[in-house]
Amino acid sequence: MANLKKNLLYNFLLSCSQVLLPLVSIPYISRVLDPEGIGKISFIDSLSYCFVAIAEFGIVVYGIREITRVKHDKEKLEKTVSELLALHCITSGITLVLYSITVFILWQKIEDIRLVFFSVAFLLTNSFACEWYFWGLEKFRYITIRSFLSRLLGLIAMFVLVKAPADYYIYYGIITTVAIANLLTNLLNVFREIPLRFQALQWKRHVKHALTTYFISLLYSVMVWLDNVLLGIMTTAAVVGIYSMSIKMIRVSVSLFTDMFLVLYPRTSTLLHEEKDKELEQTILRSVQLVFIITIPASAGLFLLAEPLVNAILAGRFIRASVNVQLLALLPLIKTYGFFLNKQILVAHGKEKLQLYGLVIGSMVYLLLMVGLSYYLQDRGACLAMILGESIVLAMGYRYVKKYFPGMQIFDKVTFLQSVLASLLFIPVIWLLKMFLLSPVLIILSALATCIPVYFVTQLWLMKNKLVRHLYTSAISALKKATANTQ
């Protein structure tokens, strides 16, 4: 339990860096670059990550699970890592050919060889990606420190090198360089920790087992990375730029929550492997409660503060993004809850095919809606398609878990209602702040300073939420212990 708390802390710090650093970079970039430049970057970046998903062959999720299973057997660990790296190199080589053909077909939407150069460099380096190794071993301290330092250096480089709209390609170069630095650091650390061997490998044995997770990752990438590509094909680079900044603001908060539950995935797999049913049930229930406690107020806050957030973070050329943010405000709740059901329950229990079925239906609905709605409503249509597609994935995940694990508690009505009622208190608070304050920054800061304490005090003392009380008691105990140790 102590290691789990440390992992949650490290991953919380990592997620905070994912939130805080973009909050610094997005305002600067939206004022230096124009929507067209940002749209070009978003288009090529999304296209690149779609092919990353193709090349990964489902190795990321499958690798975490396999490393978790063999981490106490050094010989099996070395063999598994070597085979998965070899498989990834093979699939990456095939993917680069497909990528070249796609770039040729879509060249009129790119029209900048510099962007393609950076994209190819990232794809080549990603052939040796092994993030799954560190996730499987639960080395979250290393992941946190490495990611924070690389992002910080990237942020500094952005302020130094990106000075005008014509520098959009430099900005993309910085993004890809940060990703490449992370990948190379991973590879060097793997080589240092275990002796890799590339002879007499049985990499083919992983193909069958990774196939389901492969299709899952492909379908998952449809709504994560293909949105900018589809919107770019249907509309213009400027529309993509406005949409991409809207979705980026929302995904910053979504990644904060989904990363938190990704920490619990190796632990869930371990509890299943060790057949600790009671501890597993408790972990699942508390995860459900935590999803509602943190994502419901986040969604409410994003909806109510959409206009001041856009005014404070983005430049005037992106002001129409405030409506997009309101349309996407439910995404933290929908995405996190769906991620929890599919990843922490279905995948951890070896039911990847059920997740796959849900993603197939959700992705098909999303593609149809994206093409139709974006053609008529442009970026707002893309936002509606995103919400509806993710809702289908959530509904399918919930249905499958209830069907195959009927005794598992995956919805806590009391916690859900408590979180909704406590979040309703934000409405009069933010309404009053908008009436008396003119600065969007002051409105946001005052809302955070007021709404967060009001929410948790209401949950703790009025609603008497059990999990909030447990977290509060644990925090007070930890604080007393830390104070005693310093004396």
Participant: Let me see the working for Y99 and S119 under side chain to side chain contact (heavy atoms under 4.5 Å, CB included), right down to the final yes or no.
Facilitator: CA-CA 10 Å; Y99 176 79; S119 177; 2.6 Å; yes

Participant: Please step through side chain to side chain contact (heavy atoms under 4.5 Å, CB included) for the pair I294 and F257, ending with a clear verdict.
Facilitator: CA-CA 8 Å; I294 62 176; F257 304 135; 3.6 Å; yes

Participant: For the aromatic rings, using the six-membered ring if either is Trp, is the centroid distance between F416 and Y337 under 6.0 Å?
Facilitator: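 Not under 6.0 Å, so no.
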
Participant: Hey, are the side chains of V371 and I233 touching, using non-hydrogen atoms and a 4.5 Å cut-off?
Facilitator: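 Answer no - side chains too far apart.
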
Participant: Do F411 and F292 have ring centres separated by under 6.0 Å?
Facilitator: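 Ring-ring flag for F411/F292: true, centres closer than 6.0 Å.
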
Participant: If every non-hydrogen atom of T336 is compared with every non-hydrogen atom of P332, which pair is closest and at what distance?
Facilitator: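 Distance-wise, the nearest heavy atoms are OG1-O, 2.6 Å.
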
Participant: Quick one, C50 and I54 - any side-chain contact, counting heavy atoms below 4.5 Å?
Facilitator: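 Side chain of C50 against side chain of I54, heavy atoms only: no contact under 4.5 Å found.
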
Participant: Which distance, rounded to the nearest 0.5 Å, do you find between the CD1 of I38 and the CG of D45?
Facilitator: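 Answer for the CD1-CG pair, I38 versus D45, is 12.5 Å.
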
Participant: Indicate yes or no: at least one non-hydrogen side-chain atom of I410 is less than 4.5 angstrom from one of Y398.
Facilitator: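 A side-chain contact under 4.5 Å exists here.
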
Participant: Give, for atom CD of Q418 and atom CD1 of I296, the distance between the pair rounded to the nearest 0.5 Å.
Facilitator: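 Going from CD on Q418 over to CD1 on I296, the span is 10.5 Å.
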
Participant: Please round to the nearest 0.5 Å and tell me the distance separating atom NZ of K163 and atom CD1 of I170.
Facilitator: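 Atom-to-atom, K163:NZ and I170:CD1 are 11.0 Å apart.
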
Participant: Between D167 (side chain) and A164 (backbone), is there a donor-acceptor pair under 3.5 Å?
Facilitator: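 Between the backbone of A164 and the side chain of D167 there is a qualifying donor-acceptor contact (under 3.5 Å).
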
Participant: Can you establish whether the number of heavy atoms outside Y375 located under 6.0 Å from its atom OH is more than 12?
Facilitator: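 Atom OH in Y375 is not packed in, count stays at 12 or less.
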
Participant: Minimum heavy-atom separation for S423 to A300, with atom names?
Facilitator: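 Answer, listing the atom of S423 first, then A300: CB-CB, 4.0 Å.
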
Participant: Mind checking whether T415 and L467 have side chains closer than 4.5 Å, heavy atoms only?
Facilitator: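 They are not in contact (no side-chain heavy atoms under 4.5 Å apart), so the answer is no.
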
Participant: When rounded to the nearest 0.5 angstrom, what is the spacing between CD1 in I443 and CZ in F436?
Facilitator: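 I443 atom CD1 to F436 atom CZ measures 12.0 Å (nearest 0.5 Å).
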
Participant: Just so I know, are the side chains of V468 and I293 near enough to count as touching, which here means a heavy-atom distance under 4.5 Å?
Facilitator: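 A side-chain contact under 4.5 Å exists here.
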
Participant: In this structure, which one of T235, D379, D227 forms a side chain to side chain donor-acceptor pair (under 3.5 Å) with Y243?
Facilitator: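 Among T235, D379, D227, the one meeting side chain to side chain donor-acceptor pair (under 3.5 Å) with Y243 is D227.
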
Participant: Should we say atom CZ of R399 is surrounded by more than 12 heavy atoms from elsewhere, each under 6.0 Å from it?
Facilitator: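 No - once you tally the heavy atoms of other residues, nucleotides and ligands closer than 6.0 Å, there are 12 at most.
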
Participant: Between CD1 of I250 and NZ of K335, what distance do you get to the nearest 0.5 Å?
Facilitator: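 If I round to the nearest 0.5 Å, the distance is 13.0 Å.
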
Participant: Return the minimal non-hydrogen interatomic distance between I174 and G154, and the atom names on each side.
Facilitator: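 It is CG2-O, 3.4 Å.
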
Participant: Would you say that L96 contacts L124 through its side chain, given a criterion of any heavy-atom pair below 4.5 Å between the two side chains?
Facilitator: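 SC-SC contact between L96 and L124 confirmed.
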
Participant: At their closest point, which heavy atom of S30 faces which heavy atom of M245, and how far apart are they?
Facilitator: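 That closest heavy-atom pairing would be CB-CE, 3.8 Å.
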
Participant: Flag the pair F51 / T102 as yes when at least one side-chain heavy-atom distance between them is below 4.5 Å, and no otherwise.
Facilitator: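 SC-SC contact between F51 and T102 confirmed.
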
Participant: Which pair of non-hydrogen atoms, one from A179 and one from F122, has the smallest distance, and what is that distance?
Facilitator: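 In this case the closest contact between A179 and F122 is CB-CE1, 3.5 Å.
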
Participant: As a test of understanding, state which of I41, L226, N228 forms a side chain to side chain contact (heavy atoms under 4.5 Å, CB included) with S46.
Facilitator: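 Passing option: N228.
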
Participant: Can you confirm if the aromatic rings of F118 and Y169 lie within a centre distance of less than 6.0 Å?
Facilitator: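 No, they do not, as the ring centres are separated by 6.0 Å or more.
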
Participant: Answer with yes or no whether the side chains of Q459 and S419 bring together a donor and an acceptor at under 3.5 Å.
Facilitator: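 Yes - a donor-acceptor pair under 3.5 Å links their side chains.
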
Participant: More than 12 heavy atoms of other residues, nucleotides or ligands under 6.0 Å from CG of L424: is that the case?
Facilitator: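 Counting other residues, nucleotides and ligands, CG of L424 exceeds 12 neighbours.
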
Participant: Less than 4.5 Å apart, side chain to side chain, heavy atoms only: is that true for V457 and L462?
Facilitator: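 They are not in contact (no side-chain heavy atoms under 4.5 Å apart), so the answer is no.
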
Participant: Apply side chain to side chain contact (heavy atoms under 4.5 Å, CB included) to residues I284 and F340 and explain how you reach the verdict.
Facilitator: CA-CA 9 Å; I284 295 295; F340 159 74; 3.9 Å; yes

Participant: Determine, step by step, whether T177 and Y172 satisfy the side-chain hydrogen bond (donor to acceptor under 3.5 Å, both in side chains) criterion, reporting the C-alpha distance in whole Å, the side-chain angles of both residues, the deciding distance to 0.1 Å, and the verdict.
Facilitator: CA-CA 9 Å; T177 301; Y172 184 57; over 6 Å; no

Participant: Begin with the C-alpha distance, continue with both residues' side-chain angles, and end with the deciding distance and a verdict on side chain to side chain contact (heavy atoms under 4.5 Å, CB included) for V32 and Y171.
Facilitator: CA-CA 11 Å; V32 174; Y171 177 52; over 6 Å; no

Participant: To the nearest 0.5 angstrom, please state how far the SG atom of C383 sits from the CE atom of M370.
Facilitator: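 Answer for the SG-CE pair, C383 versus M370, is 8.5 Å.
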
Participant: Around atom NZ of K109, are there more than 12 heavy atoms from other residues, nucleotides or ligands closer than 6.0 Å?
Facilitator: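 For K109, atom NZ is crowded (more than 12 foreign heavy atoms under 6.0 Å).
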
Participant: Do the side chain of S246 and the main chain of I242 share a donor and acceptor less than 3.5 angstrom apart?
Facilitator: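 Here the side-chain-to-backbone pair exists.
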
Participant: Between the main-chain N or O of A55 and the side-chain N or O of T91, is there a donor-acceptor pair closer than 3.5 Å?
Facilitator: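 Checking the backbone N and O of A55 against the side chain of T91, a donor-acceptor pair under 3.5 Å is found.
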
Participant: Side chain of R251, backbone of I247: donor and acceptor closer than 3.5 Å?
Facilitator: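 No, the answer is negative, given that no donor and acceptor are paired below the 3.5 Å cut-off.
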
Participant: To check you understand the geometry: which heavy-atom pair defines the closest contact between D34 and P165, and what is its length?
Facilitator: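 In this case the closest contact between D34 and P165 is OD2-CB, 4.0 Å.
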
